[in-house]
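Working notes, structure below.
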There are 2 protein chains.
Amino acid sequence: MNTTTRRGRPRKGDARLSREAILTAALEVVDADGAAAVSMRTVAQRLGVDAKSLYHHIDGKEALLDAVAGHVLGGIDLPELTGQPEDDLRAIAQSFRKATRAHPQAAALVLTRQLPSIAALAPVEAVLSVLRKAGASPEEAVHLLRSLLAVVVGSLLREAGAGPAFGVTDEAGIAHRRAELERTGLPAVVESAPYLARCDHEAEFSFAVELAVAATMQRLATPRR
Amino acid sequence: MNTTTRRGRPRKGDARLSREAILTAALEVVDADGAAAVSMRTVAQRLGVDAKSLYHHIDGKEALLDAVAGHVLGGIDLPELTGQPEDDLRAIAQSFRKATRAHPQAAALVLTRQLPSIAALAPVEAVLSVLRKAGASPEEAVHLLRSLLAVVVGSLLREAGAGPAFGVTDEAGIAHRRAELERTGLPAVVESAPYLARCDHEAEFSFAVELAVAATMQRLATPRR
DNA sequence: ACCTGAACACCGTTCAAGT
DNA sequence: ACCTGAACACCGTTCAAGT
C-alpha cells in the first residue's frame with residue numbers, strides 16, 4: 001500500500017484534471033458498467049474530483065459522450081492498402097469492427113451519436129481512395145461509401161445488442177428462441193427457425209461485408225450512363 | 001371552451017388510464033419534443049395524471065420506450081407481394097422506411113432498442129418468404145435477411161441523424177460543410193467534397209437498397225457449394 | 001383496482017465564492 | 001486558473017396509505 005490513495009481532499013500534488021484524463025475515466029466507466037452508468041458524478045468520482053470540476057474542461061455531458069465516441073472511433077487501426085480493391089474494402093471494414101469490439105459497451109455510442117465528421121475522416125479517405133482507384137467517379141464513390149457504411153453500422157449495431165435482432169449466441173438461449181420462433185406458425189420463419197435463433201456475429205458481419213463488396217465491384221464493372 | 005380541461009384532480013369520469021393511452025401519450029411527447037423529452041413525469045402530465053400512476057400499467061421507463069419502439073415498428077404497412085423478388089424486397093424496405101419516417105423523432109428509438117423479436121416478425125416473414133421463393137435455402141435466407149436488415153437499419157440511422165454522417169440537407173449548411181471538407185487536404189475527400197457535403201436521404205436509401213438487392217439476386221443466381 | 005403523498009437516492013448545471 | 005459549497009430544477013421508483 002503506497003500513498004496514492006487518499007480520503008477527503010484528493011490528489012493534492014497529483015496529475016491535474018485534464019480533458020484527456022476525463023475522457024479516459026469516462027471510457028473506463030463505460031467499459032466497466034456500460035454507457036448508461038456514465039454521469040458527471042461517476043466520472044468525477046473515478047478521478048477523485050467533484051462533478052462540477054469537469055465543466056472547466058468539457059462542455060457538459062453530451063459533449064463528453066461525443067468525445068468518448070470520437071475517441072473510440074479514432075482508435076481505428078487502418079490496414080495498409082494492397083491495391084486489390086476487394087481486399088482493401090474488406091480490411092477497412094474489419095478494422096472498423098475491431099475498433100468497436102475493443103470497447104463493446106461503447107459500440108452503441110459510436111454507432112449512434114452524430115459524430116463531428118472529422119473523427120471518421122481517416123477511414124472515409126481510405127474507402128474513397130480505394131473506390132476511386134477502382135474506377136468510381138467522385139460522386140459514385142460517395143454513394144458507395146455510404147452504402148458500405150450503412151452495412152457496417154447496421155451489422156455492428158446488431159452485434160452491440162442494439163437494434164432489432166433475432167439471434168442469440170448462448171447455447172441455452174438458442175433452443176428457447178427457436179421454440180419461440182416455431183410457435184409463431186409463420187411458415188418461412190418456422191422453416192428458418194434453427195438459423196434465425198442463433199447468430200454468429202463475426203460470420204454475419206463478414207457475410208454482409210462480402211455481399212456489399214461484391215455488389216460494389218459488380219457495379220464498378222458495369223459502365224454507367 | 002368546454003368541460004374537458006380541469007385543474008387539480010384531473011379527469012374524474014374521463015377515460016381511464018390504460019397501457020394504450022400511455023403509449024400514445026409517450027409517442028406524442030416523442031413526436032413533439034424528441035425521445036430525450038420522454039420522462040415518466042412528462043408523459044403522465046399529458047394524461048393529467050401523476051407519474052407514479054403509470055407504474056400500474058407499465059413496467060418502468062425502459063419498458064415504456066421499448067413499447068413505443070415496438071408500436072412504431074408495428075405500424076409497418078407491408079406491400080402486397082408481386083412474385084418479382086427484386087421488386088418485393090425493394091418494396092418491403094421502403095415500407096420499413098415509411099414506418100420510421102412517420103415518426104422521425106422516434107426513428108432512433110426503433111433502430112436502437114433491442115426489440116422483442118415478435119414486433120418485427122411480419123416483415124421478417126415477408127423477406128424470408130421472398131428469398132425462399134427466389135431459391136435461397138432456409139439458412140442462406142437468414143444470412144441475406146440480416147444483410148438486408150443491416151443496410152436498412154444503417155441507412156435509416158444516418159437519416160435519423162444518429163450515427164456517423166457527413167452530408168447535410170440544407171443549402172446553407174452544404175457550402176460550409178464542403179469548405180470544411182476541402183480544408184482537410186485529404187485528396188479523395190477533397191475530390192468528393194461536393195457530394196460528401198450534401199445528402200439526399202431518400203436517394204441514398206434507395207441506392208443502398210438497390211445495391212443490396214442486386215447483390216442478393218446475383219448470389220442466388222450463383223449455385224453455392 | 002387504481003391512484004397519490006411522502007420520501008429516497010439519484011441527475012445536470014449555474015454561480016458566487018474560495019485558493 | 002482551477003476547484004467547490006450551496007442551490008436549483010429536474011429525474012425514476014418504492015411503499016404505505018387512501019378511495
Side-chain angles (χ1 to χ4, degrees), chain A residues 4-30 32-69 105 109 112-114, chain B residues 4-30 32-69 105 109 112-114:
Chain A
T4 50
T5 27
R6 266 169 212 275
R7 14 164 219 78
R9 295 220 153 207
R11 44 168 70 245
K12 253 285 185 8
D14 297 30
R16 297 281 289 295
L17 199 48
S18 70
R19 186 187 155 85
E20 188 58 28
I22 293 173
L23 231 120
T24 305
L27 190 50
E28 284 170 14
V29 173
V30 172
D33 301 312
V38 174
S39 80
M40 300 306 269
R41 283 163 168 93
T42 54
V43 172
Q45 193 173 26
R46 189 168 283 255
L47 293 164
V49 142
D50 188 281
K52 300 183 284 326
S53 302
L54 306 185
Y55 288 85
H56 288 274
H57 302 91
I58 283 242
D59 223 26
K61 192 190 177 181
E62 290 301 297
L64 174 56
L65 291 176
D66 281 343
V68 170
Q105 304 250 51
L109 228 54
T112 259
R113 300 236 127 208
Q114 177 92 23
Chain B
T4 51
T5 28
R6 266 167 213 276
R7 15 166 216 75
R9 295 219 154 207
R11 43 169 73 245
K12 253 285 184 13
D14 296 30
R16 296 282 289 294
L17 200 50
S18 71
R19 186 186 154 86
E20 188 58 27
I22 293 172
L23 230 120
T24 304
L27 190 50
E28 284 170 14
V29 173
V30 173
D33 301 311
V38 174
S39 80
M40 299 307 270
R41 282 162 168 94
T42 54
V43 172
Q45 192 173 27
R46 190 168 282 255
L47 294 165
V49 143
D50 190 280
K52 299 182 283 330
S53 302
L54 306 185
Y55 287 84
H56 288 274
H57 303 89
I58 283 242
D59 224 26
K61 191 189 178 180
E62 290 301 297
L64 174 56
L65 291 176
D66 281 343
V68 170
Q105 304 251 50
L109 227 55
T112 260
R113 301 236 126 207
Q114 176 92 22

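Computed over heavy atoms, backbone and side chain alike; hydrogens, waters and symmetry mates excluded.
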- Item | Counterpart residues, side chain to side chain contact (heavy atoms under 4.5 Å, CB included), relative to Ala32(A) (two or more places apart) | Arg46(A)
- Message: With a 4.0 Å cutoff (strictly under), does any side-chain N or O of His57(B) reach OP1 or OP2 of dC3(C)?
- Response: yes
- Query: So, for Val68(B) and Ala26(B), which heavy atoms are closest and what is the spacing to 0.1 Å?
  - Reply: CG2-CB, 3.7 Å
- Please examine the side chains of Leu65(B) and Arg113(B), heavy atoms only from C-beta on, and report whether any two atoms are closer than 4.5 Å. yes
- Val43(B) and Ile22(B): which non-hydrogen atoms are nearest, and at how many Å? CG1-O, 3.9 Å
- For Ala21(A) and Leu47(A), which heavy atoms make the closest approach, and how far apart are they? O-CD2, 3.9 Å
- Task: Encode nucleotides 10-17 of chain C as B, S and - characters from 5' to 3', where the letter depends on protein heavy atoms closer than 4.0 Å: B to the base, S only to sugar-phosphate, - to neither.
- Result: -BBBB---
- Message: Please find the pair of heavy atoms, one from Gln114(B) and one from Asp66(B), that lie closest to each other, and give the distance.
- Response: O-OD1, 4.3 Å
- Task: Dot-bracket notation for DNA chain D is requested: 5' to 3', Watson-Crick or G-U wobble pairs only, both distances under 3.5 Å, with ( ), [ ], | and . as defined.
- Result: ||.|||||...|||||.||
- Evaluate whether atom CD of Glu28(A) has more than 12 neighbouring non-hydrogen atoms of other residues, nucleotides or ligands under 6.0 angstrom away. yes
- Note on the structure: Output for pair (Ser53(A) OG, Ile58(A) CD1), nearest 0.5 Å, gives 13.0 Å
